[in-house]
Undergrad: 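Handing you this structure, nothing more for now.
Quantities reported herein were computed from a predicted structural model and do not represent experimental measurements. All chains are named by letter (A, B, ...) in the order of the sequence lines, taking the proteins before the strands, and each is independently numbered beginning at 1.
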Protein chains: 2
Amino acid sequence: MFVADAPTTSSSAFSQTSDIARRFHAGVAPRDASRCSLCALQALCNPADLNAEELEQVDSLVAEVRSVQRGASLFRANDPFHSVYVLRSGSFKTVVMHREGREQVTGFQISGEMLGLDGIVHGRHLTGATALERSTVCVIPFEPLEDACRAIKPMQQHLHKVMSREIARESNMIMLLGTMRAEQRVAAFLLNLAERYGTRGYSATEFVMRMTRSEIGSYLGITLETASRMFSKLQQDRLVHARGKQIRLLDTEALARL
Amino acid sequence: MFVADAPTTSSSAFSQTSDIARRFHAGVAPRDASRCSLCALQALCNPADLNAEELEQVDSLVAEVRSVQRGASLFRANDPFHSVYVLRSGSFKTVVMHREGREQVTGFQISGEMLGLDGIVHGRHLTGATALERSTVCVIPFEPLEDACRAIKPMQQHLHKVMSREIARESNMIMLLGTMRAEQRVAAFLLNLAERYGTRGYSATEFVMRMTRSEIGSYLGITLETASRMFSKLQQDRLVHARGKQIRLLDTEALARL
DNA sequence: CGGTGCATTGAAGGCTATCAAGGTGGGTGG
DNA sequence: CCACCCACCTTGATAGCCTTCAATGCACCG
């Protein structure tokens, strides 16, 4: 195995081990799990310029750190909306239900990313969130969060950026689905995943995809067979090395040029 | 002509004229253009439960009411982000630039809807906004708006809903692009447009689309030829009456069933 | 060791893109 | 006022990408 398994695995598995990754593996999480001020993910999910007192306030926003089993739901479509969630470790998919029971994956989330914002409009979740592996999340009740955003300006700006980032992400997705062909979609998907792993201190060229071909296909608007074929094609063209869920990017520039 | 032209046309053009539509045509806009408290669109772009003093504050957020010619840009991709915009009359398209100069339409906006939120993340606009007809917008500098959101809770909640609505809208779009075939996409597009016109007091069954087939195609991830063919097919099947940009929905339930 | 879920690969067909040729309508200038 | 022009729309023929249906392989697990 040459790839990061989860934030809880040994750091030796990483080809590039950044500061963030090291802090991940220093064992911070278990004790004081709900103290943001001690969390390695702080840089990802908190505003940068908080003073001690403000950090204290942020700490108290986290009502709970919850563990979610693989396959379990954090929330389902149509559930009442009370909280947003920050993914501390593991990964999720968000899914919308089509009529006739068909479902579409609208996103994959990894550590440091936020879940549940879609519930604000109608007070109900529009998507469902399912863990792709055993994961832990910080539960942040939304009303207190809004209160904190009125009191602390950097906090407010941060929330707005998070929401705006989600808008931008979806815009990108719309462009992908609207203009790219299957091979380009898969390439873009891999590059995006790689970049996000890189940001978190993991290797940006070797990783394990926690999602199935079917979920990838659903996300990319193609069938699982087409997704599989594209992985095979990219491998044949020596752009990636793909063995099931283990991925190594061999030529990221060529991938981007597709 | 059996269809509303723009908010400034005579109300006799509407088959159903609601209260909002009537207020549109009462001539409120020209005088005191920047007074939200007097604006017919208030219900759409302001929180419901503001007291007089708070409304006063909201009024002062609008730095300017700007008129935009057909084809002109409100902002372009990569422009620095300073303000968000509420569309007072007319319509816009938002566009992202692909490499190689190709562009994709990511949304159409009509009166009461907000533009520019995509700029918050990076301080630069990711999309460009172009007027599809002569339009007027309220320019709302974002920093003062954030300030107001910290001071006035309903205001904050409203902004969050607007942003969340945008996230939900894009989620829907992702589902459309990921799972629907051309005919379904066009049907969904028409139903969505109809609903939004309906909300604004216009007829939900008869309207003029301000965008070209090419723009519709780009938005829906299909070619303009396919879009045109689908309009023809829907007409042949007696679900709509389409003559160029003039549209009448004949069987909305059948459209939804597609 | 068979069962199950997931991944891969092949063959055929359908949907949509592409290329191409009119058709239509609104605007402009003579 | 009318003819022309240009942008936009419609429609046809063909090609190609992707889906669908099907069979097989592979890893994990009770």
Undergrad: What's the shortest heavy-atom distance between A:Leu177 and A:Gly221, and which atoms?
TA: CD2-N, 3.9 Å
Undergrad: Please classify the nucleic acid contact of B:Arg243 as base, sugar-phosphate, or nothing, using heavy-atom distances under 4.0 Å.
TA: sugar-phosphate
Undergrad: Does the side chain of B:Val86 reach to within under 4.5 Å of the side chain of B:Met114, using non-hydrogen atoms?
TA: yes
Undergrad: Given C:dT16, D:dC9, C:dT9, which nucleotide is nearest the side-chain atoms of A:Ser228?
TA: C:dT9
Undergrad: What nucleotide, of D:dA27, C:dT9, C:dG25, holds the atom closest to the side chain of A:Ser232?
TA: C:dT9
Undergrad: Which heavy atom of B:Ser67 sits nearest a heavy atom of B:Arg134, and at what distance?
TA: OG-NH2, 3.1 Å
Undergrad: Nearest-Å distance, CG (B:Leu224) to P (D:dA7)?
TA: 15 Å
Undergrad: How many whole angstroms separate atom CD of B:Gln246 from atom P of D:dC8?
TA: 17 Å
Undergrad: Does A:Lys233 reach a base, just sugar-phosphate, or nothing at all? Heavy atoms under 4.0 Å.
TA: nothing
Undergrad: Looking for any heavy atom pair under 4.0 Å, which part of the strands does A:Thr226 touch: base, sugar-phosphate only, or nothing?
TA: base
Undergrad: To the nearest angstrom, how far is A:Phe231 atom CZ from C:dT9 atom P?
TA: 13 Å
Undergrad: Using a distance-only criterion (donor-acceptor N/O pair, under 3.5 Å, no hydrogens), is the base of D:dC9 paired with the side chain of B:Glu225?
TA: no
Undergrad: Could you state the CE-C1' distance from A:Met230 to C:dA7, rounded to the nearest angstrom?
TA: 15 Å
Undergrad: Assign B:Gly217 to base, sugar-phosphate, or nothing according to its heavy-atom contacts below 4.0 angstrom with the strands shown.
TA: nothing
Undergrad: Whole Å only: how far is the CD atom of A:Gln235 from the P atom of C:dT8?
TA: 9 Å
Undergrad: Would you indicate what B:Arg229 reaches in the nucleic acid, counting non-hydrogen atoms under 4.0 angstrom: base, sugar-phosphate, or nothing?
TA: base
Undergrad: Expressed as a whole number of angstroms, how long is the span from A:Arg210:CZ to C:dA7:C1'?
TA: 17 Å
Undergrad: Touch check for B:Ile222, heavy atoms < 4.0 angstrom, all strands: base, sugar-phosphate only, or nothing?
TA: sugar-phosphate
Undergrad: Write down the distance between CZ (A:Arg213) and C1' (D:dT19), rounded to a whole number of angstrom.
TA: 18 Å
Undergrad: Would you say the side-chain atoms of A:Arg196 pair up with the backbone N or O of A:Asn192, donor to acceptor, closer than 3.5 Å?
TA: no
Undergrad: Given 3.5 Å as the limit, does a donor-acceptor pair link the side chain of B:Ser203 with the main chain of B:Glu206, or not?
TA: yes
Undergrad: Between atom CD in B:Gln236 and atom P in D:dT10, what is the gap in whole Å?
TA: 13 Å
Undergrad: Which nucleotide, C:dC6, C:dT8, D:dC18, lies nearest any side-chain atom of A:Lys245?
TA: C:dC6
